[in-house]
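As the structure is a prediction and not an experimental result, all values here were calculated from the model. First the proteins, then the strands, lettered A, B, ... as listed; each starts at 1.
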Amino acid sequence: MRRASKLAASVAVTAALALTATACGESSTSSNNSGSDAKGDAGVGLAFDVGGRDDHSFNESAARGLDRAEEELGISFKEMTAKNDETEADREQRLTSLAENGYNPIIGVGYLYGSSIEKVAAQYPDITFGVVDSVVEGDNVYSMVFSEHEGSYLAGVAAALKTESGQVGFIGGVNNPLINKFEAGFVQGVLDTNENEGTDVSVDVQYLYEDNDAGFNDVAKARETADGMLGRGADIIYTAAGQSGQGSIETVAGVEGAWAIGVDSDAYEQPGLAEYKDSILTSVVKGVDVAVFDLIKSVQDGEPLSGPHSYNLEEGGVSLATSGGFIDDISEQIEAAKARIVSGEVTVQETP
Amino acid sequence: MSAASAVTARIKNIDREKIVLGVAAPLLAIVTAVVITSLVMLATGQNPFQAFSVMIDFGTKSDSQVWIINKAIPYYLSAVAVAIGFRMNLFNIGVDGQYRVAAFFAAAVGGALALPGIVQIPVIILTAMLVGALWAGIAGYLKATRGVSEVITTIMLNFIGGSLIGYFLKEGRLAEREGNLIHTKDIPDSSYFFEIPTSVQPIYGTIVIAVAVGIGYWFLLSRTRFGYDLRAVGASESAAEASGVSVKRTVITTMLLSGAVAGLVGMPTLLNISGNYGNDFPTGIGFTGIAIALLGRNSAIGMAFAALLWGFLERTGNQLEFEGYAQEIVGVMQGVIVLSVVVAYELVRRWGIKRQQRFVGEQLAAQAQARKDAEVTA
C-alpha cells in the first residue's frame, strides 16, 4: 500500500514535470509585444546595482543623470533594482522585461550587468543599451568605464597631506578588480606623496567581503571595519563600497578629528549624509551621472552612442570634490598631482 | 478472512488519515501565507488581488516555466544537501561555502584540462563532489572527534572558503581578468552539459543530476541500512549507540555525503551557464537550500515542489517589481511561507495525535462495551 502510494506520488510529480517541461501555453514575450511598445518609446529603462537609488554613492550618481534627463529632456523612465544573491537569470529577466515593454535606452548600472546586457542586447538590435563599469561587445551597446584609480590617486594625495596621525585607511566593499582600482590609486597617491612631500604615512587596507556583492550594501559591517581601523590609529578613511560607505562615514563622524572620504557621489552634498558633512574631507566623484545623461541625450537626438568610452581624469569623468572647502589649503598640491597624471608623467596603477 | 480484511481496512484507514494530514498541512500553510502577505500588501497600500493575478498570469507563461525549472535545479540540490544533515539532526549551515569552494576548484580543473567532454564532464563533477565532501568533512571530523558543534564550524568554514576563493581568484594565480570581472579559465565548449530544447528557452540538462540525486536520496534514507542508522542517530544518539550504530562514523559519513551533494550545487551554473567561476558566480544558494529543505519537510518530492515554488516566487517577484510593487514583497512571502509551513505542520501533527487518541479511545470504549454486553447476555 505504502509503496503504491509512493509510486502514485512519483508518477504524479513526473507527469507534472513533463507537463511543465513541454512549456505549454504562450510565452510572456509573445503577448506583450503590442503596437507602440515595439517601437521603443516608453522612456528610459534603468537597472540599478544592489543598494539601489538611494545609496548615496554609485547608484545615486546614475540616478542623478536620470533625474537630470527627466528635467532637461522631459523623458519618462522606469527603474528596477538588483537584489543580493542574484543570478544571471534574474538580471536577464529584468533587462528583457524592460526591452519587451519598449524602453529605450536600457542602462545596466554595475559590472555585473556585463554578460546579461551582452546577451539581451543581441536579441533586441533596435534598442540602445548602456552598461556602466563593463565593456561589452555589440553595435547597440554603449560601455561606460571610468578611471577610478586616477581619482583615487588624488584622494590619496589629499589624505597623506591632511592626516595628523600618519595613518590612513582604505575600506573596499568587495575584493574584486573594480574596487582594486580604487585601492591601487589611493595607495599610490599616498606613497607618491611620501616621496614628493616627505610625509611618512602608511595605509591600512581592508575589504568587507572577499567575493560577495553584499559588500556593497552591508552598512553594519562597514561600521565595524571603520571602527577597528580608527582604533588602530587611522584618522582618515576612504571607503569604496557603495551603500556600505554610509556606515563608515557615520563611524568616522563620531570621532573627533577623523575624516571620511566619500566615493562616486559627492558625499558632502548628499542630503542623507547631511549630519556628518563636517567630517567629510572630500569625495572621489565618478561621473556616472554625466555618462548616463550623455547616453539618454544621444538616443533622444537620434544618434545613439555606442562602443566603449573611458571617462578619465583629464576629461572630468572622475574628479576630487572640493565642497566644504576642507582641502582648499592643499589645492596647489592636488592640482600639481592632477597635472602630472594628465600629462602622463605619472601613470596610476590599476591593480594593487 | 475477516481478520485479513479488518487489517486491510485499518491500513486503508491509516493511509487515508495520512493523506488527509499530508494535504492539510501544506494547504493550511499556503492559505496562511496568502492571508498574511495580503495583509502586508494592504498595509503598505498595494492591491494584493492584482498582485496575485500578475503572479499567476506571468508565472504560468511558457518561458516562465522554463526559467523556474532552471532556477530550481541548484535550489533542489542544495536542499538535498541540507536535508541529509537534517535527517540526523546535523545542521549543515555550510552548504554555501561547500558549493562555492567545490565549484571554484572544479572550474579551475575544468579550465586547465582539454579532454573530450565525455571524460572531462565526469572529471569536473567528481572534483566538485570530492572538494565539497572534503570541505564538509572538516566539520564532520571535528564534530566526531572533538565534539565541536557543526553549526559553528560550518559557518566559519563559509568565511574561510570565501577567503580561500578570494585568494586564488586573482590574476596570475588561478584566474584571468576580463574588464572588471575576474574568473577561472573557461572550460572547453565540449565540456558544457547538454540542454533540452523546448518551444522557448532550453531546459538545462543538469536537471538529470538533480533527479538522480533526489532518487538516490530517497533510496539511501528509506531503503538502506545506512539510511536507517542515520535516521536512528537523528532520533536518539544514545539509543542508536546502544543498539550498535557507530555514531562517530555516521556523523562523518553524513557530513561527507552532504558535502558531496553540496558540491553539485554549482554544477548547473558552471556546466550550463557560465563555464567558469568568477566574481559573478551566484552566492547564497546554500542558505536558500535550508529554507527549501524546511519547506519540503526533507522529503525528496516535497523539496522538489518547494524548489519550484521558490523559483516561481522569484520569477514573479521580478515581474511584480516591474509592475511597481515593492521588491521586498517576495522576500516577505518566502519568509512567511517557511514560517507557516513549520507552524502548520506542528499544528496538524498535534491535531492528528488528538484525532488518533480519540479514535483509539472510542474503539477501546466500544470494545469494553461489547465485552460488557457479552457478559450480560451470558
When every non-hydrogen atom of A:S97 is compared with those of B:Q319, the smallest separation belongs to OG-OE1, 3.9 Å
Rounding to 0.5 Å, atoms CG (A:D85) and CZ (B:F287) come to a distance of 8.5 Å
Nearest 0.5 Å, what's the CG-CD1 distance between A:N180 and B:I182? 7.5 Å
Choice from A:R94, A:K83, A:Q93 maximising heavy atom contacts with chain B below 4.5 Å: A:Q93
Can you tell me which of A:E350, A:M80, A:E92, A:E88 forms the most heavy-atom pairs within a distance under 4.5 Å of chain B? A:M80
Flag yes if more than 12 heavy atoms outside A:E137 fall under 6.0 Å of its CD atom; otherwise flag no. no
Please determine, among B:R315, B:E314, B:E328, B:R177, the option with the most heavy-atom pairs under 4.5 Å with chain A. B:R315
Chain A heavy atoms under 4.5 Å from B:F104: which part of the residue, side chain, backbone, both or neither? neither
Kindly say whether A:D133 contributes a backbone atom to a donor-acceptor pair with the side chain of B:N180 at under 3.5 angstrom? yes
Please look at A:T351 and chain B and tell me whether the side chain, the backbone, both or neither of the residue comes under 4.5 angstrom of a heavy atom of that chain. side chain
What part of B:L181 gets within 4.5 angstrom of chain A, counting heavy atoms only: side chain, backbone, both, or neither? both
At their closest point, which heavy atom of B:G179 faces which heavy atom of A:P177, and how far apart are they? O-CB, 4.2 Å
Report which part of A:A47 has an atom under 4.5 Å of a heavy atom belonging to chain B: side chain, backbone, both, or neither. neither
Looking only at heavy atoms and a cut-off of under 4.5 Å, which of A:L98, A:L112, A:D90, A:N212 has the most pairs with chain B? A:D90
Value rounded to 0.5 Å, distance of OG1 in A:T96 from CZ in B:F322: 11.0 Å
With a cut-off of 6.0 Å (strictly less than), are more than 12 heavy atoms of other residues, nucleotides or ligands near OH of B:Y167? no
Over all atoms of both residues, closest heavy-atom pair of A:D211 and B:T283: O-CG2, 3.9 Å
Counting heavy-atom pairs under 4.5 Å with chain B, the top scorer among A:E86, A:K181, A:E79, A:K78 is A:K78
Would you give the length of the straight line joining atom CG of A:N175 to atom CD1 of B:I165, rounded to the nearest 0.5 angstrom? 12.5 Å
Can you say whether B:R100 sits under 4.5 Å from chain A via the side chain, the backbone, both, or neither, judging by heavy atoms? side chain
Taking the side chain as every heavy atom from C-beta outward, state whether B:D280 and A:S115 have any pair of such atoms under 4.5 Å apart. yes
